[in-house]
Trainee: 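Dropping a structure here in structure tokens format, bear with me for questions.
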Amino acid sequence: QQQKAEVERKNREIEQAKVVLEERAQQLALASRYKSEFLANMSHELRTPLNSILILGQQLGDNPDENLNPRQVEFAKTIHAAGTDLLHLISDILDLSKIESGTVTVDSEDISFAHLRETVERSFRHEAERRNLRYGVEFDPRLPRVLHTDPKRLLQILKNLLSNAFKFTEKGGVELTVRPVEEGWNPDNASLANALTVVAFAVRDTGIGISGDKQRIVFEAFQQADAGTARKYGGTGLGLAISREIAGLLGGEIRLASMPGEGSTFTLYLPLNFARDEDEPVPVAPHTFVPRESTSVASPAPVDEVSDDRHHIVEGDLTLLIVEDDPRYATVLRDLARESGFKTVVANRGADALRLVRDYQPTAITLDIFLPDMLGWTVLARLKQDSATRHIPVQIVTVEEERHQSIERGAFSYLAKPATPETIEAALDRIKQFSLPRVKRLLVVEDDEKERMSIEELIRHGDVAIDTVGSGEEALAALAANRYDCVVLDLRLPDMTGFELLDRIQTHPELKELPIVVFTGKELTAQESSRLKKAAKSVIVKGRRVP
Ligand code: ADP
């Protein structure tokens with residue numbers, strides 16, 4: 001009895017100790033989360049003032065009025081350079097703290113290897129030429145067309161590895177090879193072991209190399225191979241730490257092989273398809289709708305009666321995805337599209353359409369609203385939710401009353417049923433015009449000089465031509481004289497209110513489709529914002545603090 005009591009007492013003690021330990025662990029986790037959150041907020045607060053330092057520093061450094069002496073220009077440039085360094089440092093710290101606190105989300109999508117190649121080649125070609133280094137990029141022909149991962153994060157890692165390789169190489173060159181591999185990664189890595197295909201991105205340089213004892217620590221935050229590195233090459237020692245963490249987030253890892261004096265090879269291993277949620281059921285629009293057949297879908301097959309060009313599409317083709325369940329109408333659309341110079345892919349179901357969009361990345365889509373498995377609205381909503389497909393112009397084909405709804409939900413244009421060949425041709429033509437690379441024209445309507453400058457500064461880009469006007473009347477005159485692709489509009493104008501201007505724009509039928517961005521610092525009342533929504537087909541309201 002006594003022994004039993006003794007054992008029970010001991011058990012209770014152990015239980016208590018366990019509770020205390022758990023509490024401590026929780027406190028620790030909480031503290032580290034607070035720390036990360038603090039860092040995240042602080043970095044954000046630091047960046048805001050830094051932005052003006054950078055913009056103004058650069059402007060001073062450019063010395064447009066030529067009223068600064070060379071020394072002063074040098075100072076301005078130093079301010080700008082130091083600000084840039086600081087900004088990088090802040091971004092890196094923020095990145096790392098976000099990853100550590102687990103608040104980083106991975107946005108996977110399909111990216112084509114061709115596109116990836118083009119991006120990495122372009123990013124470093126200049127540097128290679130400038131430094132007189134060889135730069136080779138090689139993609140194995142056995143690779144499939146696309147890879148499913150977070151493109152932004154993947155590029156972040158590759159750019160970091162490549163810029164390190166260039167930084168630490170004086171002669172010789174840098175080489176990136178991408179190929180499918182069977183081995184090379186750490187066998188304990190479950191994500192890679194379970195992947196059907198693993199892709200290795202190897203960045204090899206002929207630079208200074210890293211000695212064996214330093215190969216581990218270079219992946220730690222703020223660590224560099226030796227104390228002289230920062231002085232000689234700059235840098236913060238955060239790049240590899242971040243890259244390693246991101247590689248883990250993407251289900252992969254980075255390995256290093258190096259010989260001092262001979263060069264280094266950093267290899268990023270990634271699963272070809274990261275967390276592909278292909279089997280996720282496609283949500284079907286609620287109520288109102290009864291599927292005509294089962295929604296579980298086999299692999300997308302061409303519509304029985306309508307053959308298309310899906311097997312003859314090459315990079316650079318204009319492609320039109322036709323989503324239409326009536327085979328006769330699909331055939332008509334297909335033939336007209338071919339005449340207009342499009343290659344076509346035809347789908348008769350929403351689920352097929354969504355897959356085909358991912359596989360073919362069409363130039364444009366025509367979408368019928370009544371499909372056998374879901375409403376076209378659902379397809380449209382899914383396309384607009386995904387950043388990989390959001391930009392693709394979608395033309396809705398349905399009855400007149402739904403015009404407004406189409407545009408409001410993000411359709412590019414609208415085709416009323418029944419349509420004539422002429423209207424279809426005209427519509428296809430507009431899509432084609434829209435997809436051609438060309439300079440787009442933007443009209444900025446803003447009376448405040450400073451605001452005008454900052455908007456222009458914000459949007460200035462090689463393929464956007466910006467006109468600015470300061471009053472409502474001037475805006476109407478400009479709109480009558482030129483064809484604009486978009487208008488940015490301030491609600492507060494000297495001669496009329498923005499609302500009035502919107503109303504007057506509405507009276508011109510040819511301006512009905514013109515997208516208008518209302519840029520205002522004002523908090524809008526419910527009434528005002530509903531008036532805005534009615535007045536223009538596409539209104540985005542932004543506050544002054546969200547450039
Ligand atoms: P940073 O480059 O900002 O110093 P990183 O985390 O990217 O920070 O790299 C950490 C250290 O690893 C570098 O300072 C350098 O000493 C070493 N290192 C990284 N890449 C290479 C390379 N390709 N060749 C030689 N040393 C390298």
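Nothing here was measured: the structure is a model prediction, and the numbers come from that model. In each ligand, atom 1 is the first atom listed, and ligand 1 is the first ligand listed.
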Trainee: Taking atom OG of Ser163 and atom CD of Glu127, what is their separation to the nearest 0.5 Å?
Mentor: 8.0 Å
Trainee: Give the atoms of ligand 1, by number and element, whose distance to some non-hydrogen atom of Ser264 is under 4.0 Å.
Mentor: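 Those atoms are 22 (C), 24 (N), 25 (C).
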Trainee: Checking the side chain of Arg390 only, and the main-chain atoms of Lys384 only, is there a donor and an acceptor separated by less than 3.5 Å?
Mentor: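 Looks like yes, one N/O pair under 3.5 Å.
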Trainee: Answer with yes or no whether the side chains of Ser243 and Asn160 bring together a donor and an acceptor at under 3.5 Å.
Mentor: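 A pair is found: one side chain offers a donor N or O, the other an acceptor, under 3.5 Å apart.
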Trainee: Which heavy atom of Val73 sits nearest a heavy atom of Gly61, and at what distance?
Mentor: CG1-O, 3.5 Å
Trainee: Before signing off on this row, confirm whether Gly237 and ligand 1 have an N or O atom pair separated by under 3.5 Å.
Mentor: yes
Trainee: Under 4.0 Å from any heavy atom of Lys167, which atoms of ligand 1 are there?
Mentor: 1 (P), 2 (O), 3 (O)
Trainee: If the contact criterion is a heavy-atom separation under 4.0 Å, does Lys214 count as touching ligand 1?
Mentor: no
Trainee: At a non-hydrogen distance cut-off of under 4.0 Å, which region of Ile210 contacts ligand 1 (side chain, backbone, both, or neither)?
Mentor: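 Under 4.0 Å from ligand 1, Ile210 contributes side-chain atoms alone.
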Trainee: Does ligand 1 have an atom that lies less than 4.0 angstrom from a heavy atom of Gly207?
Mentor: no
Trainee: Which of the numbered atoms in ligand 1 are below 4.0 angstrom from a heavy atom of Gly239?
Mentor: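 With Gly239 as reference, the close atoms of ligand 1 come out as 5 (P), 6 (O), 7 (O), 8 (O).
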Trainee: Main chain of Val120, side chain of Arg125: is a donor-acceptor contact present, judged purely on distance under 3.5 Å?
Mentor: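 Side chain of Arg125 to backbone of Val120, a donor-acceptor pair under 3.5 Å: no, none is there.
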Trainee: If the cut-off is 4.0 Å to any non-hydrogen atom of Leu238, which atoms of ligand 1 fall inside it?
Mentor: 6 (O), 8 (O)
Trainee: With distance as the sole criterion, is a donor-acceptor pair present between the side chains of Asp213 and Ser211 under 3.5 Å?
Mentor: yes
Trainee: With Arg441 as the cation and Tyr484 as the aromatic partner, state whether NZ or CZ is under 6.0 Å from the six-membered ring centre and within 45° of the axis.
Mentor: yes
Trainee: Check for a donor-acceptor pair, side chain of Asp62 on one end and backbone N or O of Pro64 on the other, with a separation under 3.5 Å.
Mentor: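 Judged by distance alone, no pair lies under 3.5 Å.
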Trainee: Specify side chain, backbone, both or neither for Thr169, according to which of its non-hydrogen atoms lie closer than 4.0 Å to ligand 1.
Mentor: neither
Trainee: If hydrogens are left out, which of Asp92, Thr206, Leu240, Leu162 has an atom nearest to atom 9 (O) of ligand 1, that is, the closest non-hydrogen atom?
Mentor: Leu240
Trainee: If you count the atoms of ligand 1 from 1 in the order shown, which ones are under 4.0 Å from a heavy atom of Ala165?
Mentor: 23 (N)
Trainee: How does Phe266 reach ligand 1, if at all, at less than 4.0 Å between non-hydrogen atoms: by side chain, backbone, both, or neither?
Mentor: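 For Phe266, only side-chain atoms sit under 4.0 Å from ligand 1.
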